[in-house]
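Counting from 1, the numbers follow the sequence of the chain as shown. All figures in this text were calculated on a predicted structure; none of them were measured in a lab.
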Amino acid sequence: MRKIWMLIIIGLLIISASSCKKDEDSNEQAEADKALIEEYISDNQLNAQSTSSGLYYVILKTGSGEHPTIYSTVTVAYKGYLLNGDLFDENLAFTSRLSSLINGWKEGIPLIGRGGKIKLLVPSALGYGSQQQGNIPANSVLVFDITLYDFTN
């Protein structure tokens, strides 16, 4: 019985140690992303604001007074590119439930109303994280220019 308890304790210590390592890696990535975003903002002379999650944004046009919620279905036009300017995706009329999209969009799109335009600078944790997604490398900061055409709640 004593051996079983010892194995359980060792197992819990190993799990705890690996969890701490993941947290350290996440914090390091968040700091690296923040530095890259701030450099991009400076180089491009943007007047960006940030949220507590690390999302940076520039509202180019506020749009109407009513804003979408996480439960809305949104129709947008967007261009997505990497910090080096490489375009990875664009769509002139994309419709989806906001709740199905990356966290950076879930947080950023509700900042504007119908007809609004926003530039989102999305740290990797709010994008695709440590997973490569098509031609988007792992741990990439993403830049999106988004126009919110319409939404339904």
Side-chain angles (χ1 to χ4, degrees), residues 14-153:
I14 291 171
I15 291 170
S16 177
S18 71
S19 176
C20 289
K21 177 67 174 145
K22 287 179 186 175
D23 288 345
E24 288 174 18
D25 291 347
S26 295
N27 289 339
E28 288 176 15
Q29 186 62 51
E31 288 301 316
D33 288 353
K34 181 178 179 181
L36 290 169
I37 291 171
E38 289 177 350
E39 179 180 2
Y40 181 90
I41 289 168
S42 176
D43 290 350
N44 291 278
Q45 300 176 352
L46 299 175
N47 185 17
Q49 299 175 23
S50 66
T51 67
S52 61
S53 69
L55 176 71
Y56 284 76
Y57 63 94
V58 179
I59 296 177
L60 305 169
K61 184 177 176 186
T62 57
S64 69
E66 186 182 5
H67 293 229
T69 69
I70 192 70
Y71 305 107
S72 298
T73 296
V74 297
T75 299
V76 300
Y78 70 90
K79 283 187 179 184
Y81 43 98
L82 303 174
L83 289 177
N84 66 6
D86 288 352
L87 183 71
F88 60 79
D89 195 13
E90 71 179 310
N91 198 318
L92 296 177
F94 174 75
T95 300
S96 177
R97 294 216 23 108
L98 191 54
S99 61
S100 300
L101 302 175
I102 63 170
N103 288 332
W105 280 38
K106 290 177 190 176
E107 187 176 345
I109 290 177
L111 297 172
I112 56 174
R114 191 174 281 111
K117 295 182 180 189
I118 193 166
K119 178 183 287 293
L120 299 178
L121 298 133
V122 181
S124 59
L126 300 178
Y128 298 110
S130 61
Q131 301 299 313
Q132 179 172 336
Q133 188 75 4
N135 57 351
I136 302 171
N139 296 314
S140 289
V141 171
L142 308 175
V143 180
F144 290 98
D145 292 322
I146 300 171
T147 300
L148 176 59
Y149 289 137
D150 199 9
F151 63 91
T152 57
N153 291 326

Checklist entry - Which distance, rounded to the nearest 0.5 Å, do you find between the CD of Glu107 and the CD1 of Ile70? => result 9.5 Å

Checklist entry - Between Tyr57 and Phe144, is the gap from one ring center to the other below 6.0 Å? => result no

Checklist entry - What distance do Asn91 atom CG and Ser96 atom OG have between them, rounded to the nearest 0.5 Å? => result 11.0 Å

Next on the checklist: Taking the side chain as everything from C-beta on, heavy atoms only, tell me whether Tyr56 gets closer than 4.5 Å to Tyr40.
Outcome noted: no

Checklist entry - Got a donor-acceptor contact below 3.5 angstrom from the Lys106 side chain to the Ser99 backbone? => result yes

Item to check | Main-chain N/O of Leu46 paired with Asn44 side-chain donor or acceptor, under 3.5 Å | outcome: no

Checklist outcome for this item: To the nearest 0.5 Å, atom OG1 of Thr73 lies from atom CG of Leu98 at 9.0 Å

Sequence neighbours left out, cut at 3.5 Å: what donor-acceptor pairs do the side chains of residues 146-153 make with other protein atoms?
from: Asp150; atom 1: OD1; to: Arg114; atom 2: NE; distance (Å): 2.5
from: Asp150; atom 1: OD1; to: Arg114; atom 2: NH2; distance (Å): 3.3
from: Asn153; atom 1: OD1; to: Ser72; atom 2: OG; distance (Å): 2.4

Donor-acceptor list for residues 124-133 side chains, cut-off 3.5 Å, not counting sequence neighbours:
from: Ser124; atom 1: OG; to: Asp33; atom 2: OD2; distance (Å): 2.5
from: Gln132; atom 1: NE2; to: Gly134; atom 2: O; distance (Å): 2.9

Checklist entry - Just wondering, do Val122 and Leu55 contact through their side chains at under 4.5 Å, heavy atoms? => result yes

Checklist entry - Does some side-chain heavy atom of Ile112 sit less than 4.5 Å from a side-chain heavy atom of Thr62? => result no

Checklist entry - Do other residues, nucleotides or ligands put more than 12 heavy atoms under 6.0 Å from the NZ atom of Lys119? => result yes

